[in-house]
Engineer: 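One structure is given below, represented as structure tokens, and several questions about it will come after.
Reminder, nothing fancy here: chain letters follow the sequence lines and each chain counts from 1. Just so you know, these numbers use all the heavy atoms, side chains as well, and skip hydrogens, waters and symmetry mates.
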Amino acid sequence: MFQVRIHGRGGQGVVTGAEMLSIAAFLEGRHAQAFPSFGSERTGAPVVAFCRIADKEIRLREPVMEPDALIIQDATLLHQIDVFAGLSADGYVVLNTNHSFEDLGLGDLAKRIRPERLVAVSATDLSLKHVGRNAPNVPLLGAFAAVSGLISLDSVVAAIRDKFSGKVADGNIAAATEAYNIAKAAMEAAHA
Amino acid sequence: MGHQDVKFYQTGTFTVGNRLLPPEQRSVQSEIERTNSLNCGHRACQGCGEALGARYAIDAAMRATNNQLVAVNATGCLEVFSTPYPETSWQIPWIHSLFGNAAAVATGVAAAAKVRARKAGQQLPEVRVIAQGGDGGTTDIGFGCLSGMFERNDDVLYICYDNQAYMNTGVQRSSATPPAARTATTMPVGEHPGNDWGQGKNVPLIAMAHGIPYVATASVSDLRDLEYKVKKAMSMRGARYIHIFVPCPLGWGSASHDTIKLARLAKETGLFPVFEAEYGEVTNVSKIRQKQPVEAYLRLQRRFAHLFGKKPQVELIARFQAMADQNIHKFGLLGNDKAVVGFPDSEHK
Amino acid sequence: MLKQCEGSHAVAEAVALSRPEVICAYPISPQTHIVEGLGEMVKAGDIKNCEYINVESEFAAMSVAIGSSAAGARTYTATASQGLLFMVEAVYNASGLGLPIVMTVANRAIGAPINIWNDHSDSMSQRDCGWIQIFAETNQEAADLHIQAFKLAEELSLPVMVCMDGFILTHAYERVDIPTQEQVDKFLPPYSPRQVLDPAAPVSIGAMVGPEAFSEVRYLAHAKQMQALELIPKIASEFQEIFGRDSGGLVRPYMLEDAETVVIALGSVLGTIKDTIDEMRADGISIGVLGINSFRPFPVSAIRRALSHAKRIVVLEKSLAVGIGGIVATDVRMALDGLDKRIYTVVAGLGGRNITRSSLHRVFRMAMHDQLEALHFLDLEWSIVNKELDRERTTRRSGPIAENILRDLGQTKSNVG
Ligand SMILES: Cc1ncc(C[n+]2csc(CCOP(=O)(O)OP(=O)(O)O)c2C)c(N)n1
Ligand code: SF4
Ligand SMILES: [Mg+2]
């Protein structure tokens with residue numbers, strides 16, 4: 001079973017992100033379970049959502065406490081809560097930022113995690129560019145697909161079409177694809 | 001009227017420069033001694049009209065009662081965003097009981113205050129009571145208790161923060177939701193997108209029909225007027241009701257920075273008449289300064305976006321305009337017109 | 001059709017497929033997405049011949065439902081927590097009148113202190129209200145149970161409450177097989193009421209009944225629930241024939257045959273318990289779990305039969321009978337009357353407290369070694385409790401308990417966990 005935890009803030013589509021990830025996995029014939037850390041949060045409050053992916057029925061209902069991957073939609077959370085709790089050394093981290101890990105004070109983390117599993121993407125910029133609003137969730141899924149190889153970009157695209165339609169879907173697909181390419185290139189650089 | 005109309009037009013708004021006024025005319029919020037009854041640290045959304053309205057209203061009530069105030073809150077956004085764990089934003093004695101019973105709980109608080117006063121040999125209790133809730137808690141589920149409190153003329157000021165839907169649970173329709181508006185339970189699909197065109201429910205008028213001493217509407221676009229009305233309400237005894245128009249960026253799909261603008265447009269179009277009434281009779285209305293077409297108001301909100309799609313719903317927009325025009329007529333919102341609604345009461349002439 | 005969707009959406013689709021004629025909607029988390037989904041379907045014309053009514057309170061929701069059901073319409077509503085309590089007088093009335101209304105309860109705690117998270121206090125508070133209460137373990141089962149519920153309700157002329165864990169199920173995205181309209185039509189015939197307000201054949205419904213007949217009327221309510229004990233498994237097997245899925249029934253055993261220790265639970269926590277049991281079995285521990293699907297009627301003989309080999313029973317419940325302990329455990333004791341078995345009550349998951357495998361491992365192992373107290377509160381923070389007790393001992397005006405405790409906690413709990 002592969003477990004993902006997504007951190008962000010109310011209004012950034014954290015829950016939708018987890019749901020789309022589960023749809024993408026489902027479309028690849030796998031079992032998936034997405035759920036929010038339910039709360040009465042308003043715009044801007046820290047929000048967490050989870051996604052489990054497995055090849056058989058998922059019965060477990062506890063929150064994800066030892067994630068295999070973290071998607072962090074808002075870098076300002078790094079100083080507010082322990083987003084890295086429970087992450088193992090060969091976990092994946094996908095972070096929305098246009099700073100480097102060192103700039104963010106994450107140098108130690110960068111040393112602990114395998115470099116090709118750590119990727120920073122300016123998902124906010126990408127979503128502003130392609131969708132016209134701050135919705136980093138979708139581009140981060142594109143980047144996650146590239147880094148983890150767990151789901152294909154095609155499935156992410158299909159999940160986007162499941163949730164959105166028309167121009168919004170097109171914009172999100174463009175954002176996810178660009179993020180995918182950026183992450184792919186970054187990984188290859190890390191491998192090289 | 002106890003308060004002076006202040007009009008500074010330099011910025012094209014009614015923004016009030018307090019420093020240009022004599023101290024006794026300044027707003028409560030401008031004072032260093034304001035009570036900050038609803039303190040910072042709450043978790044309302046950016047641009048929340050309800051948070052703004054509540055802060056002004058309760059601080060004004062605190063000032064008017066010499067800080068002898070207890071507040072009762074219905075369930076809703078205000079209650080939830082003001083009491084995030086583990087701290088509360090309330091600097092006053094405050095109780096939340098249930099969604100539908102705030103008016104009755106307030107009656108209880110007032111009754112206890114009365115007994116305490118009597119035991120202390122005072123004629124009137126010093127401790128005053130405010131009940132407050134959203135439109136859902138007021139015009140729907142709490143309506144029975146509210147009407148009971150009015151009818152008994154209990155010594156309570158009830159404040160309704162009207163953001164025109166059940167926001168706390170994620171924007172569902174209430175009886176205060178305007179026609180055609182998109183909510184999660186009135187989606188813009190099918191033959192008649194958005195909320196049905198019902199009869200509406202004008203709770204300020206219903207309150208007036210109870211013949212209670214004071215009923216007023218107010219808006220976050222005129223906060224000095226809001227403070228003035230709260231102060232006036234607290235100078236009276238018996239059942240009083242203030243209905244405050246509070247835009248909700250999240251539920252209306254409007255920009256956070258348009259909250260005040262929307263509130264002003266609601267008034268300037270006539271969609272939300274701002275007035276005062278005593279013992280069932282309209283005593284004062286805030287005149288429309290520059291009449292605006294309803295479109296100017298509707299267009300800024302995504303909940304009405306389906307009216308302006310590829311095929312603009314001209315008929316529905318015209319119906320909104322008719323509604324606004326009818327308000328303008330009913331409440332005499334233009335020029336020297338007089339209000340034609342009300343329940344005149346010869347006893348209090 | 002297989003679909004990856006939210007639990008609420010799956011339930012809304014199942015209700016839609018059941019061809020409801022009147023739906024009453026009132027918002028309260030975590031039920032709201034269900035009625036929102038139905039509202040959109042009615043408005044878009046996807047559900048035909050159906051009135052969707054946005055009422056002004058839960059009391060009105062159930063009251064409208066009583067009227068429409070008595071007038072012969074298949075009627076549905078949903079609620080939770082405070083909403084269920086707000087409608088209570090009408091809830092009892094609906095069952096007293098024998099009206100086959102189906103209602104989802106998206107289980108949530110009851111305040112004060114106000115809490116929107118999951119536990120079973122709301123449904124449990126209504127355990128004696130005369131409604132049938134069935135609990136879903138997964139979203140698939142929640143969807144299936146709604147289709148079964150209409151059939152069960154209408155055959156018995158009794159209302160049915162389908163209970164599903166708020167948020168944990170209602171807000172979870174998972175795989176659900178949504179049946180076809182043909183399948184549902186084949187399974188669920190149109191509503192043919194036993195009693196109906198009909199000008200062609202006028203009846204009075206809701207007459208005053210005095211001491212001379214009240215006991216008989218109440219006994220018949222009980223007798224109907226006893227009939228449900230037969231009907232629930234029958235409907236589940238009819239369902240299986242048409243839909244090819246084992247859903248519903250009275251109880252659900254897992255790894256039970258040889259189990260010395262048997263856990264009993266209701267709802268979605270069964271999944272986490274099963275995973276824990278698999279891990280314990282791998283360690284050679286003899287443990288199993290019995291899920292209770294039908295809580296009212298309470299399947300006394302089925303439980304007695306299923307537990308005949310067990311040495312000890314751990315009832316893990318998301319509810320608390322203040323002043324005595326367990327609610328489910330009390331009923332289980334009744335089912336095991338006269339048998340020599342240890343019964344432990346573990347109160348867990350109140351107000352959304354997470355129930356984790358690691359905590360389950362711990363209490364199950366304690367039970368196995370008979371080291372558990374008869375009444376155990378899972379993961380209770382004793383230091384916080386004792387601090388408050390101490391405060392109350394030493395200070396007269398000790399203040400509101402909930403707020404004191406939050407201040408002691410001193411920090412907003414991280415949203416993780
Ligand atoms: C009896 C009952 N039913 C439903 C709810 C759920 N509920 C809590 S707040 C709320 C909506 C509040 O709407 P409103 O009164 O308009 O206040 P707002 O949040 O919009 O400020 C609802 C439906 C409840 N708490 N109790
Ligand atoms: S949802 Fe609306 S009423 Fe509630 S806090 Fe946000 S802006 Fe204010
Ligand atoms: Mg409201």
Side-chain angles (χ1 to χ4, degrees), chain B residues 41 43 73-76 79-80 83-88 90 93-101 105 134-145 165-177 182-196 198 201 203 251 306, chain C residues 8 23-47 51-61 79-83 85-87 110-116 171 351 384 400 402-415:
Chain B
R43 311 242 170 119
N73 215 132
T75 314
E79 167 260 328
V80 171
T83 57
Y85 294 176
E87 67 275 344
T88 168
W90 295 102
W94 177 94
I95 182 173
H96 160 243
S97 169
L98 293 169
F99 188 25
N101 68 356
V105 173
D135 48 292
T138 306
T139 73
D140 281 341
I141 199 169
F143 192 60
C145 289
Y166 294 106
M167 296 312 175
N168 183 50
T169 35
V171 199
Q172 295 83 19
R173 183 205 107 105
S174 78
S175 57
T177 300
R182 168 211 174 111
T183 69
T185 47
T186 56
M187 291 298 272
V189 294
E191 245 177 281
H192 302 287
N195 192 19
D196 290 342
K201 185 171 185 175
V203 173
H306 54 282
Chain C
S8 299
I23 296 169
C24 309
Y26 195 75
I28 184 161
S29 306
Q31 149 280 154
T32 315
H33 289 183
I34 302 173
V35 289
E36 286 175 357
L38 286 164
E40 187 165 1
M41 288 187 240
V42 173
K43 211 155 173 94
D46 299 336
I47 305 179
E51 283 293 311
Y52 180 85
I53 306 172
N54 278 305
V55 290
E56 77 279 10
S57 72
E58 289 85 0
F59 181 75
T79 192
S81 181
Q82 311 299 128
L85 296 206
F86 199 85
M87 64 165 66
I110 290 173
I114 189 169
N115 175 298
I116 63 164
H171 287 55
I384 299 270
E403 285 68 13
N404 283 345
I405 287 185
L406 293 171
R407 213 172 307 118
D408 290 345
L409 266 171
Q411 45 141 345
T412 307
K413 280 236 165 186
S414 153
N415 278 318

Engineer: Which bit of Gln82(C) comes within less than 4.5 Å of chain B, counting heavy atoms only: side chain, backbone, both or neither?
Structural biologist: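 Contact with chain B: side chain only.
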
Engineer: Is Thr75(B) close to chain C through its backbone or its side chain, or both, or neither, when contacts mean heavy atoms under 4.5 Å?
Structural biologist: side chain

Engineer: Could you walk me through whether Phe99(B) and Phe86(C) pass the ring-ring contact (aromatic ring centres under 6.0 Å, His included) test, one step at a time?
Structural biologist: CA-CA 10 Å; Phe99(B) 188 25; Phe86(C) 199 85; 8.3 Å; no

Engineer: What verdict does the side-chain contact (heavy atoms from CB on, under 4.5 Å) test give for Glu403(C) and Thr83(B), after you've listed the backbone C-alpha separation in whole Å, the side-chain angles of each residue and the deciding distance to 0.1 Å?
Structural biologist: CA-CA 10 Å; Glu403(C) 285 68 13; Thr83(B) 57; over 6 Å; no

Engineer: Looking at CE of Met187(B) and CE of Met41(C), how far apart are the two atoms once the value is rounded to the nearest 0.5 Å?
Structural biologist: 11.5 Å

Engineer: Could you grab the distance from atom OG1 of Thr185(B) to atom CD1 of Ile53(C), nearest 0.5 Å is fine?
Structural biologist: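 Separation between the atoms: 13.0 Å.
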
Engineer: At a 4.5 Å cut-off on heavy atoms, which part of Ser29(C) comes close to chain B: side chain, backbone, both, or neither?
Structural biologist: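 Contact with chain B is through both the backbone and side chain of Ser29(C).
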
Engineer: Is Tyr26(C) in contact with chain B via its backbone, its side chain, both, or neither, using a 4.5 Å heavy-atom distance?
Structural biologist: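 Side chain of Tyr26(C) only, per the 4.5 Å heavy-atom cut-off to chain B.
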
Engineer: Heavy-atom cut-off 4.5 Å, strictly under: side chain, backbone, both or neither for Pro188(B) against chain C?
Structural biologist: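 When you check distances to chain C, no heavy atom of Pro188(B) falls under 4.5 Å.
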
Engineer: Are more than 12 heavy atoms, taken from residues, nucleotides or ligands other than Arg173(B), located less than 6.0 Å from that residue's CZ atom?
Structural biologist: yes

Engineer: Given that the side chain runs from C-beta out, which part of Ile405(C) has a heavy atom under 4.5 Å from chain B: side chain, backbone, both or neither?
Structural biologist: neither

Engineer: What part of Ser175(B) gets closer than 4.5 Å to chain C, counting heavy atoms only: side chain, backbone, both or neither?
Structural biologist: neither

Engineer: Evaluate the criterion side-chain contact (heavy atoms from CB on, under 4.5 Å) for residue pair Glu56(C) and Thr139(B); output intermediate values, then yes/no.
Structural biologist: CA-CA 8 Å; Glu56(C) 77 279 10; Thr139(B) 73; over 6 Å; no

Engineer: If you measure from NE2 on His96(B) to CD1 on Ile114(C), what distance do you get to the nearest 0.5 Å?
Structural biologist: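 Going from the NE2 atom of His96(B) to the CD1 atom of Ile114(C) covers 4.5 Å.
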
Engineer: Do you know which of Gly39(C), Pro400(C), Ala44(C) has the most heavy-atom pairs with chain B at a distance under 4.5 angstrom?
Structural biologist: Ala44(C)

Engineer: Which heavy-atom pair separates Gly170(B) from Glu36(C) by the least distance, and what is that distance?
Structural biologist: O-OE2, 4.1 Å

Engineer: With a 4.5 Å cut-off on heavy-atom pairs, point out which of Pro193(B), Ala184(B), Gly190(B) contacts chain C the most.
Structural biologist: Ala184(B)

Engineer: A side-chain contact here means heavy atoms from C-beta on lying under 4.5 Å apart; do Asp196(B) and Lys43(C) qualify?
Structural biologist: yes

